[in-house]
Amino acid sequence: MITILGATGSIGCSTLDVVRRNSDRYQVFALTANSQVELLLQQCLEFKPQVAVMADPASADSLRRRLLENGSSIEVLEGVEGLQQAAGADEADLVMAAIVGAAGLLPTLAAVEAGKRILLANKESLVMAGALFMEAVSRHNACLLPIDSEHNAIYQCLPHNYTDPIARAGVRRILLTASGGPFRTTDLAELKSVTPERACAHPNWPMGRKISVDSATMMNKGLEAIEACWLFDLKPQEVEVVIHPQSIIHSLVDYVDGSVLAQMGNPDMRTPIAYGMAWPQRIDSGVEPLDLVKIGQLDFEAPDLERFPCLQLAFDAVAAGGTAMAILNAVNEVAVEAFLNRRLGFCQIAELNREVLEALDAQPVDNLQRVLDADQRARDLAQQLLKNQRFGWKGN
Ligand code: NAD
Ligand code: MG
């Protein structure tokens with residue numbers, strides 16, 4: 001049985017599509033969402049989970065009422081406690097962690113502590129608390145499978161039973177591919193005034209709004225570099241970012257003998273999701289077979305750090321260590337939200353991120369409270385800076 005945290009999101013809906021295609025193998029134990037009552041209701045009526053959770057208590061009340069009106073007696077839980085309960089419940093063996101942002105940390109950790117197989121889409125939880133998270137995975141004997149397409153690709157290109165340090169598996173470095181997002185070739189002067197609508201129109205991947213903006217600033221690739229360091233026990237200099245606009249090669253592993261293994265496929269998240277669900281077997285995901293002749297050409301280029309300063313900031317945060325990564329993640333969430341609400345210009349996302357990262361001291365991550373405190377301090381300072389006249393919406 002599977003629990004899907006963030007069922008109403010882009011990853012959540014793709015996961016349910018894979019479940020739908022393989023209904024003989026998978027049943028849904030729990031579905032969760034923040035406040036999208038009507039969509040979660042429809043999903044509950046179709047997939048008949050035992051439990052539904054709404055993080056927002058008022059939405060939980062609405063869902064209870066709507067389920068009763070539809071003759072359903074599914075139990076509805078609420079709040080972070082409800083999410084944690086659904087994530088750790090005995091009935092589910094698989095947990096898809098697909099809540100967006102820092103809100104995913106505690107529910108995902110609950111699944112780790114219950115020793116589940118975790119399909120990790122919520123990269124922010126690893127970015128914030130990587131050391132504690134990975135330590136909990138090994139202490140509770142959880143099985144962590146990366147769903148982020150790049151990390152899933154790397155996982156697929158590593159030796160099947162690797163448990164040793166990655167260097168002993170003969171890995172020289174990994175290459176994270178990046179599409180470059182919607183603004184890879186946009187005139188730099190024009191970038192200042194791009195709208196949220198343009199930033200969210202990703203050329204290859206339809207995704208939630210937060211990760212779409214992160215892809216447009218390339219903060220997403222920075223967060224993914226951090227994610228890769230924790231997942232595969234790599235040093236930042238062993239992670240290289242390559243722009244690959246077609247998004248066909250999802251990432252590569254470079255071995256010391258000169259072999260470079262890549263995982264390819266059409267850009268559709270149902271491939272890594274199905275891989276995680278069935279591992280070590282393979283199941284139908286609904287993704288179209290790759291037609292290389294039709295694609296014709298695969299291109300590669302180096303990332304331009306002047307265009308994408310957020311990418312450098314992520315590497316700076318890794319170098320600073322400790323809570324710096326939680327600080328960067330938190331200010332970035334505030335900055336993206338402000339941009340989506342037209343309270344901050346696109347290029348100011350990087351400026352706000354830099355100011356907060358530089359202003360707050362990083363501390364060692366020795367317990368979860370440290371991480372949560374750093375997250376809160378960064379959000380508070382970011383909100384305060386947003387009131388400053390320097391920051392604001394100048395576009396249309
Ligand atoms: P989304 O915005 O489409 O969906 C987010 C989900 O989280 C929704 O179900 C929402 O109800 C829930 N949610 C939001 N705030 C919450 C809160 N405070 N408490 C509880 N639930 C909350 O996001 P998405 O694009 O599906 O991305 C989800 C995660 O997967 C992100 O961490 C993202 O980085 C990662 N990811 C997504 C993709 C993709 O293709 N969409 C690819 C790789 C990784
Ligand atoms: Mg990715």
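Remember, predicted model here, so these are calculated numbers, not experimental data. Indexing begins at 1, ligand by ligand and atom by atom, following the structure's order.
Between R173 and the options E238, E240, Q237, a side chain to side chain donor-acceptor pair (under 3.5 Å) holds for only E240. Exactly one residue among Q384, R377, Q383, Q376 makes a side chain to side chain donor-acceptor pair (under 3.5 Å) with D380. That residue is Q376.
The contact shell of ligand 1, taken as protein residues with any non-hydrogen atom closer than 4.0 angstrom, comprises G6, A7, T8, G9, S10, I11, A33, N34, A55, L83, A98, I99, V100, A103, A121, N122, K123, E124, D148, M207, G208, I211, M269.
Closest to the Mg ion (ligand 2) among the N, O or S atoms of D148 is OD1. The nearest N/O/S atom of E150 to the Mg ion (ligand 2) is OE1. For E224, the N, O or S atom closest to the Mg ion (ligand 2) goes by the atom name OE2.
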Applying salt bridge (Lys or Arg N to Asp or Glu O under 4.0 Å), run through K221 and E224 and close with a yes or a no.
CA-CA 5 Å; K221 212 49 55 181; E224 289 183 354; 2.6 Å; yes
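Contact annotation: the side chain of C200 approaches that of L340 to within less than 4.5 Å [non-hydrogen atoms, C-beta and beyond].
Within the 6.0 Å centre-distance limit, the rings of F183 and F346 are counted as a close aromatic pair.
Under the 4.5 Å side-chain contact rule for hydrophobic residues, V213 and V331 share a cluster.
A donor-acceptor contact closer than 3.5 angstrom links the side chains of T8 and Q36.
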